[in-house]
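In each ligand, atom 1 is the first atom listed, and ligand 1 is the first ligand listed. These figures come from a predicted structure and were not determined experimentally.
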Amino acid sequence: MAKILDGRTAAAQVRSEVASVVAGLRERGVPVRLDVILVGDDPASITYVASKERDSEEVGIESRVHRFSAGVSQKELSGLVGRLNEDTAVSGFFIQLPLPEELDSMPLISSITPAKDVDGLSPESAGRLAVGLPSLLPCTPHGVIQLLKRNGIDLSGREAVVVGRSNLVGKPLAQLLLRENATVTVCHSRTRGLPEVTRRADILVVAAGKREMIGAEHVGEGAVVVDVGIHRKEDGGLVGDVRFDEVDQRASWISPVPGGVGPMTRAMLLHNTVVAARMSLGS
Ligand code: NDP
């Protein structure tokens, strides 16, 4: 049986580190505030935003939610992004995605100033990551790297295979793994012979968004397997992109769903908020 990459424990460490930085900044009179733009009444988005507010409160970060009905105009949102960029009381902010179909998220995300882009999803943040300039890192891929490092898993020189090439997870994760000196292969829906490719991995990260698609045949003996996928089961529970019970028999480490990458993603948003608050001081 594989050892568990326990995201709850690692996320608790991150939160406690963040809480002590927040306390220090507050002592120096530095505001630490995370703002969220929430549009429409998608229940999942409302739940995510509520949990991010709770997380913020727990570590002493002030949070504000800017709520809009689905009929809000692009111009109004764009105006708010401009104001939040300028507001020195706001350390960082993000737009809860997805936006209703009538709205175009990309121009809005692109206009977030990189120093406040706590989701790390703007093209400028992505470009800075790609060329090795300091930037706020996308929360899920950064959470994956932290989960590995905090469990003592060495990445340098190792074969890393990422399944998925989204802007949200796969691509930035590949950049981060490269930065850690892993040898990186990125797979996607047109990859031929996926099991042969993934079996080469020392570190296999799966972010395909396909329920339980990865089984024992995809995993080399002793590999480290990180499951980013999240799917709601019929009984209400959660399951990932990996068939846990099978892969558990072959892997040396495996991240569970729930309790793996999910808590890390949430913790890294808090981390980014304090990084942004510090950056506002030039430190
Ligand atoms: P996307 O749907 O944007 O991307 C999925 C990627 O997987 C695409 O690049 C796609 O290839 C690739 N893919 C799909 N099917 C296959 C296949 N059969 N073989 C190989 N590659 C395949 O998803 P996201 O990146 O946004 O999210 C991935 C998963 O992670 C989802 O389950 C999502 O819910 C979850 N997630 C979890 C988070 C967490 O905190 N734990 C945070 C964010 C996401 P192609 O490009 O060719 O279409």
Taken in chain and number order and not counting sequence neighbours, the residues that satisfy ring-ring contact (aromatic ring centres under 6.0 Å, His included) with His271 are His142
So if I count the atoms of ligand 1 from 1 in the order they appear, which ones are less than 4.0 Å from some heavy atom of [X]?
X      : answer
Ala207 : 5 (C), 6 (C), 7 (O), 28 (C)
Gly262 : 40 (O), 41 (N)
Val163 : 20 (C), 21 (N)
Thr140 : 40 (O), 42 (C), 43 (C)
Leu168 : 26 (O), 43 (C)

Donor-acceptor side-chain pairing of Ser125 and Asp117 below 3.5 angstrom: yes
Distance, nearest 0.5 Å, that separates [atom1] of [X] from [atom2] of [Y]:
X      : Y      : atom1 : atom2 : result
Lys116 : Thr273 : NZ    : OG1   : 12.0 Å
Asp42  : Gln96  : CG    : CD    : 8.5 Å
Leu173 : Ile145 : CG    : CD1   : 5.5 Å
Asp6   : Met264 : CG    : CE    : 10.0 Å

For ligand 1, which part of Thr265 has a heavy atom less than 4.0 Å away: the side chain, the backbone, both, or neither?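 Side chain only.
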Applying a heavy-atom cut-off of 4.0 Å, say which part of Thr191 lies close to ligand 1: side chain, backbone, both or neither.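 Neither part.
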Would you mind telling me which of Leu34, Asp55, Ile61 makes a side chain to side chain contact (heavy atoms under 4.5 Å, CB included) with Leu269?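 That would be Leu34; it is the only one of Leu34, Asp55, Ile61 passing the side chain to side chain contact (heavy atoms under 4.5 Å, CB included) with Leu269.
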In a check of side chain to side chain contact (heavy atoms under 4.5 Å, CB included) between His231 and each of Asp241, Leu238, Val257, which one passes? Asp241
Looking only at protein heavy atoms, which one is nearest to [atom], and what is the separation?
atom                    : result
atom 12 (C) of ligand 1 : Gly164 CA, 3.9 Å
atom 41 (N) of ligand 1 : Val228 O, 3.2 Å
atom 44 (C) of ligand 1 : Val169 CG2, 4.1 Å
atom 21 (N) of ligand 1 : His188 C, 3.1 Å
atom 18 (N) of ligand 1 : Met213 CE, 3.7 Å
atom 7 (O) of ligand 1  : Ala208 CA, 3.2 Å
atom 10 (C) of ligand 1 : Ser189 N, 4.2 Å
atom 8 (C) of ligand 1  : Arg165 N, 3.9 Å

If you measure every N/O of Val261 against every N/O of ligand 1, is any gap under 3.5 Å? no
Tell me every residue that passes side-chain contact (heavy atoms from CB on, under 4.5 Å) with Thr140, counting only those two or more places apart in sequence or in another chain.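 With sequence neighbours excluded, Thr140 shows a side-chain contact (heavy atoms from CB on, under 4.5 Å) to Val169, Val228, Val261, Thr265, given in chain and number order.
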Close side-chain approach of Val239 and Arg232, heavy atoms under 4.5 Å: no
Is the side chain of Arg165 donor-acceptor paired with the backbone N or O of Gly170 at a distance under 3.5 Å, no angle test? no
Under 4.0 Å from atom 24 (P) of ligand 1, can you find at least one protein heavy atom? yes
